[in-house]
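Just so we're on the same page: letters track the sequence lines, and every chain starts at 1.
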Amino acid sequence: MDQQLLVDIIVQIIIIGAVASGLMAAFGAMTVVERKVLGRFTMRYGPNRVGKYGTLQILADGLKMFFKEEVIPLHVDRLVYLMAPGIALVPALLAAGVVPIASQPLVLPFEVFGSTITIYPWMANINVGVLYILAVGSLGTYGVILGGWSSNNKYSLLGGLRTSAQMLSYELPMGLALLSVLIIVGSMRLTDIVNFQGSYLGGYLWLIFLQPIAFLIFYICGLAEAGRSPFDLPETENELIAGFATEYGGMKFGLFFAAEYIHMIVLSFITATIFLGGWLGPFSEQIPVLGIVYLLIKVAFVLFTMIWVRVSIPRVRFDKLMKFCWKFLLPLSIANAAITALVLAILFF
Amino acid sequence: MTEKIIEKLTAKFPAALKDHSEFRGDTTLKIDAEQLRDVASFLESDEDAQYNLLVDIYGTDRLNLGQTPRFAVNYELYSIPKNSFIRLIVDVPDPGRNGGTDGSGRFGEPLPKVASVTDIWPTANWLERETYDLMGIEFENHPWMHRIMMPDNWVGHPLRKDYPLGGEPVYFEKDRNNPRFAHLGKQIMAGPSFETELPEEMDTNGHMVLNLGPHHPATHGVLRLATELDGEKVVRVTPELGYLHSGFEKTGENKRYEKFIPYCDRMDYVSPMNNNLAYVMAVEKLMDVDIPEHVQYVRVILAELQRIASHMIWLGTHAMDVGGTPHAAPLYCFMMRERILDIFEMVCGARMTTSYFSVGGLRWPLPGAFMDAVRAFLKEFAGYYHDYHVMLTKNPLWLSRLKGIGILKAEEAIALGITGPLLRAAGVPLDLRKVRPYCVYDQFDFEVPTSTDADSYARYTVRMEELHQSMRIIEQAIDQIKPGPYRTADRKVALPPRQEISTSMESLIHHFKLVTEGYLPPEGQVYSIGENPKGWLGFGLISDGTAKPYRLRVRGPSFVNLQATNTMARGGFISDLITIIGSIDIVLGEVDR
């Protein structure tokens, strides 16, 4: 095999590992940040005992999760029960595969064993990126459904049922919202979408300004896909104890938990990339590192709004969510896509 | 008013009315057990009577009073249109075979029987079950005569006077070698699962029966709701109670009147001041004590503060049930409750279990900074009150979760004996503070908020408006209150001041008698009700002239209101059931007592 190819593969594997572990670390950080922010919203301090400002809470929580006794109830379907958390987590991580964090790959100025090393700011810059995100994003639902079913618990079953019904209702408007973006950009590659946003109005024609309705629909459906309040109906701790996760404990529950947060983080990356101009910002052309900082700021903002929504909006009822998705979001997104197509047709043909 | 009814009753059922009497304003009719149902339906439907609200049913065991027959059932009725109370006492015929007063009542003997009034007042359902469970009086033609407080396999009826007090073997010790309990200590699923009795009409084969509780985040305690589900639709809810039953009534019958006050705190533990007030009013009614005006005002201020605190708990937990645990509203509410508890701490040293009111007055005089603290609180609370409205009242999601959910119409509510905000939300402006003012509630200008929607949102708006009215009452009370003695001058009831004891022999004797013996109310029976945040808290007292109540009856508003769960939740979703439980506003300490 060509030595250059081998080095490229090794570098890519290292990047994949770094992203996966980076996401897991981000999940840990996110739990603390969320608790801290929630605390502030509700006039509390949030975690502040472990480490300075509670920063070591991640370690404490992680250790607790890992060292908890593994309890597997006798009445569960063992194989599916054990697989479900993994099935929930893996698609969430996979979705991160197509998210770019900068426009250009970085070529190291020195050679290693005679090969140049190129560090790509993405794992796969495929030309069906948006489609891939939609496909992988909905796979995560299987973990929840299977977990709810295999637990052999009435609360879990209801939670799993809600997920399967809910998924149908939000996937459609979500896809249609992205469709109206694709009509404008003309490409499903995420770097193309960002570059499109960078090429007009001095780099400020972000798609949120062109497609505010599509952004809102995508954001709402994203909340539903990540299972976040007010659409955390599979969990609904006040009704179904913990929903699909009722019978899970220890790290198995931790994986479900991680799946939710990683889903949330990846969705924020995607939102920031597609609608908020990704790495675009002042001087990001000249200093590419600034671009990454801008992206992270945007992602942090989206994540913050997700927590904000959680603390200030009551949960929707299950059937009302379906009604809302089918009777309001779906027609709205169809109309949005149609009008976008019509306007473009009038303007350019 | 009652004379007319007695006249009519005698004319219509000459043999039914055996006796009637008046004591402290309570009218008591003695009714023949045979004709109870006729008299009951007459009182319920007659246009001069219209006793449409059955307040309470409780049994009495007159074993130690030496009266025959041994058991009697008391019915406390209230007429909403006529604003009048009446009490029916029915002597339950002895069941034969050793029944009666000859040292009987041993287990396994036939129970005395009386006709059920469940079809006249549906609220009698649970009240009769409770009487059956605790007093051992069976009600014929009752839809489901089962124990309600004690476990299904309990032996005996605890409120009977010959029921052993302590010293009985502990259940588990006795059953240490019983194979039934061999699973204890093993993993839960390895043990046998016990089927508790459910009503026969529950379709356990075609539908899923979900046991919400006794350990569930939204049941606010150890309430179990056996919920029959068709998909996510609720077909029927059967509340199962008694997990927290602690026999307050039995305890009260073995304590002096004064010593029951701390127990009141622990019933509805989010409104101890109101509970204390209702109880001391009952004892004061029994003893006919005059209470100084200053004390009345202080009682009103503290009771209204407690009402706000109780509603804060309701609003917080309700928002949490509907909106999810991390919602901001719960802690905003608890914040204000903390302020009120701080005031209570300042007044009496305790935050939750206050026991501040005593028979004849207050336990201690108010601290000097009290009025300023209350004023400061009112100012701060007004801002928060606005915040609650901004957070929830117009929120479309909040509206969609509450509007049209859990409808309880006025007729149904009255039939089920519902009182408090639930009844007012159905459009019946029944507030005891208005229709029968106690303390000095007639001195204040306040409204009784009502709504006609009768759904969860109506209950929400009514309670929110009640918060506002409570603020108004407190403001007026603070302006009107004048300094004065903090307890009655009646030395037979309240302790004399300390300085008097060293100068007056008589005071010393009074002090000694009160401390060693307690006060001795006259013989008689009273029933007194306080308008609690959750509804009517009733205390029934039967005195035999000693320092301990012969019979102490507690009517918990949550207990009666909870009975409406099935009516409200039928046909809704599980999520609605949670909303409905939140909007009933129960405290399990009071439901199970």
Between [X] and chain A, with a heavy-atom cut-off of 4.5 Å, which part of the residue counts as in contact: side chain, backbone, both or neither?
{"X": "B/F573", "result": "side chain"}
{"X": "B/N395", "result": "side chain"}
{"X": "B/I405", "result": "side chain"}

Would you say the side-chain atoms of B/E590 pair up with the backbone N or O of B/S558, donor to acceptor, closer than 3.5 Å? yes

Within the distance-only criterion (no hydrogens, no angle test), does the side chain of A/Y155 pair as donor or acceptor with the backbone N or O of B/L210 below 3.5 angstrom?
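Checking the backbone N and O of B/L210 against the side chain of A/Y155, no donor-acceptor pair under 3.5 Å is found.
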
If one checks every heavy atom of A/L38 against chain B at 4.5 Å, the contacting part turns out to be side chain

Under 4.5 Å to a heavy atom of chain B? For A/K154 that would be both

Quick one: sort the A/W308 and A/F304 rings into parallel, tilted or perpendicular, breaks at 30° and 60°.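 Tilted, since the angle between the ring planes falls between 30° and 60°.
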
Exercise for the section: For the residue pair A/Y81 and A/Y248, categorise the inter-ring angle as parallel (less than 30°), tilted (30 to 60°) or perpendicular (more than 60°). Expected result: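 Ring orientation, 0 to 90° scale: parallel.
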
For chain B, the option from [options] that forms the most heavy-atom pairs under 4.5 Å:
{"options": "A/I241, A/L161, A/D232", "result": "A/I241"}
{"options": "A/E34, A/R317, A/R44", "result": "A/R317"}
{"options": "A/M43, A/R162, A/K320", "result": "A/M43"}

Residue selection (most heavy-atom pairs with chain A, distance under 4.5 Å) from B/L577, B/D576, B/L229, B/T579: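 Between B/L577, B/D576, B/L229, B/T579, the count favours B/D576.
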
Most contact-rich option vs chain A, by heavy-atom pairs under 4.5 angstrom, among B/M320, B/M391, B/H215, is B/M320

Review point. Between B/N211 and B/R224, does any side-chain donor sit less than 3.5 Å from a side-chain acceptor?
Key: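 The answer is yes; a qualifying pair exists.
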
Using 4.0 Å as the upper bound for N to carboxylate O, is an ion pair formed by A/R310 and A/E260?
->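 A/R310 and A/E260: not salt-bridged.
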
Exercise for the section: Among B/H318, B/R463, B/K534, B/E466, find the one that has a side chain to side chain donor-acceptor pair (under 3.5 Å) with B/H311. Expected result: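 By the side chain to side chain donor-acceptor pair (under 3.5 Å) criterion, B/H311 pairs with just one of B/H318, B/R463, B/K534, B/E466: B/E466.
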
